[in-house]
Amino acid sequence: MKFTSIPEAYSSFNSPLVYEFESEQEAKDLLVEITDLATNEVIGRKKLYAATAGSIDIAPYLRRRAIATLPENIAGCGIVEMGTQIKVRVTVDGTASSSRNFIAAKVAPDTHYRLLTHQLAQRTMARDEFDLIAYFAMPDAVVEVVVEATGKENQSLSLEASGGHHVIALTAASFDSATEDLKVKIIIDGEEVSVIDYEIKPNLKGARRIAWMNSDFSPEVYTFPLRKSILVEAARKRIATLWGSEAAEVEHYNQLKLLSAYEPESQIEALQEILCSPKVWLVTGSTVENIDLRTERMLHANSEGMGIVELDIRSAQEGVRL
């Protein structure tokens, strides 16, 4: 048994990943297994009957394995696991392929580095909140992430990073309470390639911070500063009794309409990707919870290159207030 075609390392598991193989022996039943090398767990099997050759697209197995989710709580700056990368090996009739790292983002084969966030490089967040920034770098790249804090005292820290598709968590909580600004620098092979600046200040009372996955299958977080309206929904299920009808069950949900700040076109386009995200989260301080996105379309009306986005969200669980 030998492999005749194997996908390139760091290909996206959101595209087909086809392994092809053949044998010079007589036809027989072939067992194909896909192993997650981080846990040595078999995550997929396929059996071919009376075969001398075959193929398997492992991408659907990897998508089920690497489900994108936000950490439940982020206490400090660091690299976080979000299902953006998985290392696997395929075995056919006892013959193992070479191991491969596959990632969520779709990047060109000759890409050495790419920042995978689509929002502006100047951002705002509260001291107890966090932001998430994703990047891709080839495995032979030397990656360094430096976070600098300014305030009454200047502080900095360096994060251990590596090549691949990774997500950086950033928060002012890693520094003293007088921190006014953060500057995040991503350095590849000694060259500063990306800089993102944060102003640290409290939110408005009605502000809500929303997280989603962008078109590069990477997380984004943004604070909608204004709450336009609150809708309370209640549905009663009734049963008939000898004395008439009465409520047997009451479902109660809370829905909000949020407004973005007046933003330039590039930021509005980044916010519109919320509509296509498979999951959306409400971020409160350093914790996250699932929410139900009720907006199905957005009307983009530019005014001198600036615009605003309206978003309707509802609690994913009955009775939870947003």
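All values below were derived from every heavy atom in this structure, side-chain atoms included, with hydrogens, water molecules and symmetry-related copies excluded.
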Approximate separation, where rounding is to 0.5 Å, of L132 CG and L70 CG: 5.5 Å
For T223 against A207, the heavy-atom pair lying closest together: CG2-CB, 3.9 Å
Sub-4.5 Å side-chain heavy-atom contact between K106 and S15: yes
Pairwise side-chain contact, L293 with L275, heavy-atom cut-off 4.5 Å (strictly under): yes
Main-chain N/O of S218 paired with N214 side-chain donor or acceptor, under 3.5 Å: yes
Donor-acceptor side-chain pairing of H118 and E273 below 3.5 angstrom: yes
Atom pair CD (E289) and CG (L282), whose distance is rounded to the nearest 0.5 Å: 5.0 Å
Sub-4.5 Å side-chain heavy-atom contact between T91 and V32: no
V184-I188 co-clustered via ILVMFWY side chain contacts under 4.5 Å: yes
Short side-chain to backbone donor-acceptor contact, D57 and L17, under 3.5 Å: yes
Backbone N/O of D181 and side chain of E199: donor-acceptor pair under 3.5 Å: no
Residue list, side chain to side chain contact (heavy atoms under 4.5 Å, CB included) with S23, at least two apart or on another chain: M1, Q25
No-hydrogen, no-angle side-chain donor-acceptor test under 3.5 Å, R114 and S194: no
Co-membership, hydrophobic cluster, residues V80 and I196, 4.5 Å side-chain: no
Side chain to side chain donor-acceptor pair (under 3.5 Å) against R100, all qualifying residues, sequence neighbours excluded: S98
For F175, all residues meeting ring-ring contact (aromatic ring centres under 6.0 Å, His included), sequence neighbours excluded: none
Partners meeting ring-ring contact (aromatic ring centres under 6.0 Å, His included) with F21 (sequence neighbours left out): none
Audit row: E220, T117, side-chain contact (heavy atoms from CB on, under 4.5 Å) steps and yes/no: CA-CA 7 Å; E220 302 274 14; T117 181; 2.8 Å; yes
Flag side-chain contact, heavy atom, 4.5 Å: N101 against Q85: yes
Salt bridge (charged side-chain N to carboxylate O under 4.0 Å, His left out): pairs with one or both residues in residues 14-26, sequence neighbours excluded: K2-E22
side-chain contact (heavy atoms from CB on, under 4.5 Å) between E263 and L120, intermediate numbers included: CA-CA 10 Å; E263 300 281 13; L120 299 177; 4.3 Å; yes
Within residues 35-46 or reaching into it, pairs that qualify as salt bridge (charged side-chain N to carboxylate O under 4.0 Å, His left out) - sequence neighbours excluded: E33-R45, D36-R65, E41-R65
Sub-4.5 Å side-chain heavy-atom contact between V167 and I79: no
Salt-bridge present (D292, R294; N to O < 4.0 Å): yes
Partner set under side chain to side chain contact (heavy atoms under 4.5 Å, CB included) for A178, not counting sequence neighbours: K152, D176
ILVMFWY network linking L256 to V280, side-chain heavy atoms under 4.5 angstrom: yes
I274 reachable from W281 in the ILVMFWY side-chain graph, under 4.5 Å edges: no
I187 side chain reached by V146 side chain, heavy atoms, under 4.5 Å: yes
Minimum-distance pair of heavy atoms, taken over all atoms of A261 and I308: O-CG1, 4.0 Å
Polar side-chain atom of E129 near backbone of A126 as donor-acceptor pair, under 3.5 Å: yes
Approximate separation, where rounding is to 0.5 Å, of F136 CZ and S12 OG: 10.5 Å
Sidechain-backbone polar pair: Q119 side chain, V221 backbone, donor-acceptor under 3.5 Å: yes
Ionic contact status for R123 with D131, cut-off 4.0 Å: yes
Cluster link V92 to I58, ILVMFWY, side chain under 4.5 Å: yes
Minimum heavy-atom distance between C77 and L170, given as atom pair plus value: SG-CA, 4.0 Å
Derivation and outcome, side-chain contact (heavy atoms from CB on, under 4.5 Å), residues T111 and Y10: CA-CA 10 Å; T111 301; Y10 295 95; over 6 Å; no
Listed partners of T124 passing side chain to side chain donor-acceptor pair (under 3.5 Å), at least two apart: none
Partners passing side chain to side chain contact (heavy atoms under 4.5 Å, CB included) against V142 (at least two apart in sequence or in another chain): D189
R63: partners by side chain to side chain contact (heavy atoms under 4.5 Å, CB included), with sequence neighbours left out: F13, N14, A59, P60
Where V143 and G163 come nearest, the two heavy atoms and their spacing: CG2-N, 4.1 Å
Check: S99/R89 side-chain N/O donor and acceptor closer than 3.5 Å: no
Exercise: do S156 and E148 side chains pair donor with acceptor under 3.5 Å: no
Any donor-acceptor N/O pair, R64 side chain to I43 backbone, under 3.5 Å: no
Min side-chain heavy-atom separation Y135-Y113 under 4.5 Å: yes
Sequence neighbours excluded, every pair satisfying ring-ring contact (aromatic ring centres under 6.0 Å, His included) that has a member inside residues 185-227: Y222-F224
Shortest non-hydrogen contact from A172 toward M125: N-CE, 4.4 Å
Approximate separation, where rounding is to 0.5 Å, of I103 CD1 and L116 CG: 7.5 Å
Approximate separation, where rounding is to 0.5 Å, of I133 CD1 and L115 CG: 7.0 Å
Check: T35 side chain, L37 main-chain N or O, donor-acceptor pair, under 3.5 Å: no
Interatomic distance, Y19 atom OH to I56 atom CD1 [nearest 0.5 angstrom]: 10.0 Å
Counterpart residues, side chain to side chain donor-acceptor pair (under 3.5 Å), relative to D128 (two or more places apart): none
Contact summary for V288 and P71, nearest pair of heavy atoms: CG2-O, 3.3 Å
Side chain to side chain, M82 and T69, heavy atoms closer than 4.5 Å: no
